[in-house]
Visitor: 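Can you read through this structure? Questions will come right after.
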Amino acid sequence: MKALDSYLHKQAGQDARRRAAVPFVATAGGQTIAGYYTLSQYAIGLDAIPEEVAKKLPKYPMVSATLLGRLAVSIEFRGQGVGEFLLMDALHRSLVSSKQIASAGVIVDAKDESAARFYKKYGFLALPKIENRLFLPMGTVEQLFRKDS
């Protein structure tokens, strides 16, 4: 968790200024940081995506995606649904932006098996070529929000 704290305090502002990643921070009462995540554009080889998903995508060698990076929840806010809130916010932003800048899905690198299980509950699929890298097709993201409407 130290690396995630360090990123927020030392690197996030630089990444935003350089347009490498956009950080989103959730606060309690506008004061205490409850958690955060970053979003950025990404490209992934079509051959790295599970075949059942890849066959529904254009046959380009690289597929555009949105990278959900560094999702973290403050220790004092764990177990209160903050992680799910942040994930849903990130997925909704990814869906909205995919209508203006193409994105076939959302990619995340889970920090460990527990984090991978968290993402898989929402439909993320393991990408076998890179350990703990997961992919959620944008069509699945769209379905998540259709259910709520």
Side-chain angles (χ1 to χ4, degrees), residues 1-45 48-50 52-54 56-57 63-149:
M1 200 59 190
K2 208 173 200 179
L4 295 172
D5 285 344
S6 178
Y7 172 81
L8 184 60
H9 294 292
K10 296 178 182 174
Q11 189 67 40
Q14 289 179 38
D15 281 356
R17 283 189 297 280
R18 294 176 180 163
R19 292 183 169 81
V22 178
F24 296 90
V25 179
T27 63
Q31 298 292 322
T32 307
I33 294 173
Y36 74 94
Y37 65 88
T38 62
L39 292 176
S40 58
Q41 284 303 113
Y42 194 78
I44 185 167
I49 297 173
E52 68 273 10
V53 175
K56 298 175 186 173
L57 298 173
V63 176
S64 62
T66 303
L67 180 65
L68 168 57
R70 305 195 185 260
L71 188 143
V73 176
S74 173
I75 292 169
E76 65 187 279
F77 290 94
R78 292 210 181 131
Q80 299 178 34
V82 175
E84 181 179 33
F85 170 81
L86 291 170
L87 177 60
M88 290 300 115
D89 190 66
L91 294 177
H92 187 259
R93 287 178 193 273
S94 299
L95 176 62
V96 169
S97 72
S98 76
K99 295 176 182 179
Q100 294 180 23
I101 300 171
S103 177
V106 178
I107 292 178
V108 67
D109 290 316
K111 66 178 177 132
D112 56 29
E113 198 51 46
S114 174
R117 282 192 304 276
F118 169 77
Y119 291 116
K120 287 176 182 178
K121 285 192 314 189
Y122 299 95
F124 279 83
L125 307 167
L127 297 181
K129 292 187 177 187
I130 299 176
E131 188 177 351
N132 288 330
R133 177 159 290 171
L134 304 155
F135 179 81
L136 185 65
M138 201 56 74
T140 304
V141 175
E142 198 164 32
Q143 288 173 1
L144 282 171
F145 292 102
R146 250 189 234 139
K147 291 177 186 173
D148 292 342
S149 325

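Quick caveat: nothing in here was measured; it's all calculated off a predicted structure.
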Visitor: Which distance, rounded to the nearest 0.5 Å, do you find between the CZ of R18 and the CD of Q11?
Guide: 6.5 Å
Visitor: Please say whether more than 12 non-hydrogen atoms of neighbouring residues, nucleotides or ligands are located less than 6.0 Å from CD in Q14.
Guide: yes
Visitor: Check the angle between the aromatic planes of F145 and H92 and answer parallel, tilted or perpendicular using the 30° and 60° thresholds.
Guide: perpendicular
Visitor: Could you tell me whether the side chain of Q41 reaches within less than 4.5 Å of the side chain of L67, counting heavy atoms only?
Guide: no
Visitor: So does T66 get a backbone contact from the side chain of S94, meaning a donor-acceptor N/O pair under 3.5 Å?
Guide: no
Visitor: Return yes if some donor-acceptor pair links the side-chain N/O of T27 with the main-chain N/O of G29 below 3.5 Å, else return no.
Guide: no
Visitor: Checking side-chain contact (heavy atoms from CB on, under 4.5 Å) for the pair V22/R93: CA distance, chi angles, key distance, verdict?
Guide: CA-CA 11 Å; V22 178; R93 287 178 193 273; over 6 Å; no
Visitor: Does E131, at its CD atom, have more than 12 non-hydrogen atoms belonging to other residues, nucleotides or ligands within less than 6.0 Å?
Guide: no
Visitor: Roughly how far, to the nearest 0.5 Å, is CG of D15 from OG of S40?
Guide: 8.5 Å
Visitor: Tabulate below the donor-acceptor pairs under 3.5 Å that side-chain atoms of residues 118-126 make, not counting sequence neighbours, or state none.
Guide:
residue: Y122; atom: OH; partner: E84; partner atom: OE2; Å: 3.1

Visitor: Could you check whether any side-chain heavy atom of L87 comes within less than 4.5 Å of a side-chain heavy atom of V108, counting everything from C-beta outward?
Guide: no
Visitor: Just verifying a value: how many Å separate I44 CD1 and I107 CD1, rounded to the nearest 0.5 Å?
Guide: 3.5 Å
Visitor: When rounded to the nearest 0.5 angstrom, what is the spacing between CG in L95 and OG1 in T140?
Guide: 11.0 Å
Visitor: Report the distance from atom CE of M88 to atom CG of L86, rounding to the nearest 0.5 Å.
Guide: 10.5 Å
Visitor: Between atom CG of L71 and atom CG of D109, what is the distance when rounded to the nearest 0.5 Å?
Guide: 12.5 Å
